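Read the structure below first, then the notes.
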Amino acid sequence: MKKLLLLFSIILLVGCANIKVDNNSHIEEEKEDYLAIKNTLDTYTDYDNEEEFPCDITFSLDKTSEEELSYRVIIDNPKIDMYNIKALLIHDYFTEDIFPSIGIFDEPQNLIIGNEEVKGFELVGYIETSKDIDVNLKLYLEYTDINGNISDIYYKYNPSEDVNI
């Protein structure tokens, strides 16, 4: 009886170990995807023009306190149906924080013309600083169109060049 109980315990432990490895493998893949996108976005030089965007993309920088700056991008108002959206928003100010993303560590989003439930989404991050800093934002946006074609957008936002501020 003791041998049977020992054998059952070993099988149970081995089974749980496999689940943990698979879960860690999935997390590692997400982390690798995030770092690959971030590194590409960091070094990218041939940015897209706003006129080419399949949706509205609105950037903002706001001082939330004496020691914190909020940066965000709102992605909404699709001009075409966009499926499986992945997005990452980074800046050029030193930080050890993770940058805001969608569709990398969580489920990709869809933006469908006329959808009343999901009209858009936003990526928001914070920079701890008491200085007035000039921050450039970079956005990566990937989506699949209705024909199954995957497209990506690389956009650099420099607030000092924004005529609307």
Side-chain angles (χ1 to χ4, degrees), residues 20-113 115-144 150-165:
K20 188 174 183 179
V21 169
D22 289 343
N23 193 18
N24 285 341
S25 172
H26 181 68
I27 291 170
E28 284 300 315
E29 285 176 27
E30 290 172 341
K31 206 178 339 178
E32 287 174 16
D33 288 347
Y34 170 87
L35 291 173
I37 293 169
K38 182 198 167 293
N39 291 337
T40 300
L41 191 51
D42 261 340
T43 59
Y44 205 80
T45 58
D46 188 26
Y47 296 101
D48 297 300
N49 296 322
E50 283 184 66
E51 296 81 35
E52 301 170 7
F53 292 168
C55 57
D56 289 344
I57 298 177
T58 308
F59 291 89
S60 69
L61 291 165
D62 301 300
K63 197 83 167 147
T64 56
S65 72
E66 289 295 318
E67 298 179 2
E68 187 175 71
L69 176 71
S70 167
Y71 62 98
R72 77 182 64 223
V73 64
I74 298 171
I75 301 169
D76 62 359
N77 233 5
K79 297 172 186 144
I80 64 169
D81 291 343
M82 302 167 62
Y83 303 96
N84 300 316
I85 296 173
K86 291 182 181 181
L88 176 65
L89 179 63
I90 68 170
H91 57 75
D92 57 0
Y93 190 76
F94 175 77
T95 186
E96 292 183 11
D97 294 337
I98 190 168
F99 293 108
S101 67
I102 198 158
I104 300 171
F105 293 108
D106 54 358
E107 291 298 314
Q109 298 291 312
N110 298 325
L111 280 179
I112 310 300
I113 297 173
N115 186 341
E116 292 299 318
E117 283 183 38
V118 179
K119 295 183 181 192
F121 55 89
E122 68 180 345
L123 303 176
V124 180
Y126 300 92
I127 299 172
E128 290 185 33
T129 181
S130 57
K131 304 176 198 171
D132 286 333
I133 57 174
D134 186 24
V135 178
N136 293 307
L137 301 175
K138 296 179 181 179
L139 173 69
Y140 170 78
L141 178 67
E142 175 186 300
Y143 64 93
T144 305
I150 298 174
S151 299
D152 51 27
I153 293 172
Y154 292 88
Y155 185 72
K156 183 176 181 180
Y157 174 73
N158 184 338
S160 63
E161 295 174 1
D162 192 343
V163 295
N164 296 321
I165 292 181

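Small disclaimer: the values here were computed from a predicted structure and weren't measured.
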With a 3.5 Å distance limit and no angle check, can you tell me whether [X] reaches the backbone of [Y] through a side-chain donor-acceptor pair?
{"X": "Asn39", "Y": "Ala36", "value": "no"}
{"X": "Asp81", "Y": "Ile113", "value": "yes"}
{"X": "Asn110", "Y": "Asn84", "value": "yes"}

Exercise for review: Decide side chain to side chain contact (heavy atoms under 4.5 Å, CB included) for Lys79 and Asp56; before the verdict, give the C-alpha distance in whole Å, the side-chain angles of both, and the deciding distance to 0.1 Å.
Suggested key: CA-CA 8 Å; Lys79 297 172 186 144; Asp56 289 344; 4.2 Å; yes

If you count heavy atoms of other groups shown closer than 6.0 angstrom to [atom1] of [X], is the number above 12?
{"X": "Glu128", "atom1": "CD", "answer": "no"}
{"X": "Glu52", "atom1": "CD", "answer": "yes"}
{"X": "Asp132", "atom1": "CG", "answer": "no"}
{"X": "Glu67", "atom1": "CD", "answer": "no"}

Practice item. Start with the C-alpha distance between Tyr154 and Leu41, add both sets of side-chain angles, then the distance that settles side chain to side chain contact (heavy atoms under 4.5 Å, CB included), and finish with yes or no. Key: CA-CA 7 Å; Tyr154 292 88; Leu41 191 51; 3.7 Å; yes

So which heavy atom on [X] is nearest to which on [Y], and how close?
{"X": "Ile102", "Y": "Gln109", "result": "CD1-CG, 3.2 Å"}
{"X": "Phe99", "Y": "Tyr71", "result": "CD2-OH, 3.6 Å"}
{"X": "Pro100", "Y": "Val124", "result": "CB-O, 3.4 Å"}
{"X": "Tyr126", "Y": "Asp97", "result": "O-OD2, 4.2 Å"}
{"X": "Arg72", "Y": "Asp62", "result": "NE-OD2, 4.5 Å"}
{"X": "Glu30", "Y": "His26", "result": "OE2-NE2, 2.9 Å"}

Rounded to the nearest 0.5 Å, what separates atom [atom1] in [X] from atom [atom2] in [Y]?
{"X": "Ile112", "Y": "Glu117", "atom1": "CD1", "atom2": "CD", "answer": "11.5 Å"}
{"X": "Ile98", "Y": "Ile90", "atom1": "CD1", "atom2": "CD1", "answer": "12.5 Å"}
{"X": "Tyr93", "Y": "Asn136", "atom1": "OH", "atom2": "CG", "answer": "13.5 Å"}
{"X": "Lys138", "Y": "Asp42", "atom1": "NZ", "atom2": "CG", "answer": "5.5 Å"}
{"X": "Ile104", "Y": "Ile37", "atom1": "CD1", "atom2": "CD1", "answer": "4.0 Å"}
{"X": "Ile150", "Y": "Glu142", "atom1": "CD1", "atom2": "CD", "answer": "5.5 Å"}

Check your understanding: Aromatic rings Tyr157 and Phe59: how do their planes relate, parallel, tilted or perpendicular, breaks at 30° and 60°?
Key -> parallel

Review point. ring-ring contact (aromatic ring centres under 6.0 Å, His included) between Tyr44 and Tyr140: does it pass, once the steps are laid out?
Key: CA-CA 10 Å; Tyr44 205 80; Tyr140 170 78; 8.9 Å; no

Point to revise | Close side-chain approach of Phe105 and Asp33, heavy atoms under 4.5 Å | key: no

**Study point:** Candidate pair Leu89 and Leu137, rule side chain to side chain contact (heavy atoms under 4.5 Å, CB included), full reasoning
**Key:** CA-CA 7 Å; Leu89 179 63; Leu137 301 175; 4.1 Å; yes

Exercise for review: Under the side chain to side chain contact (heavy atoms under 4.5 Å, CB included) rule, what do Leu141 and Phe53 come out as? Steps first, then yes or no, please.
Suggested key: CA-CA 10 Å; Leu141 178 67; Phe53 292 168; over 6 Å; no

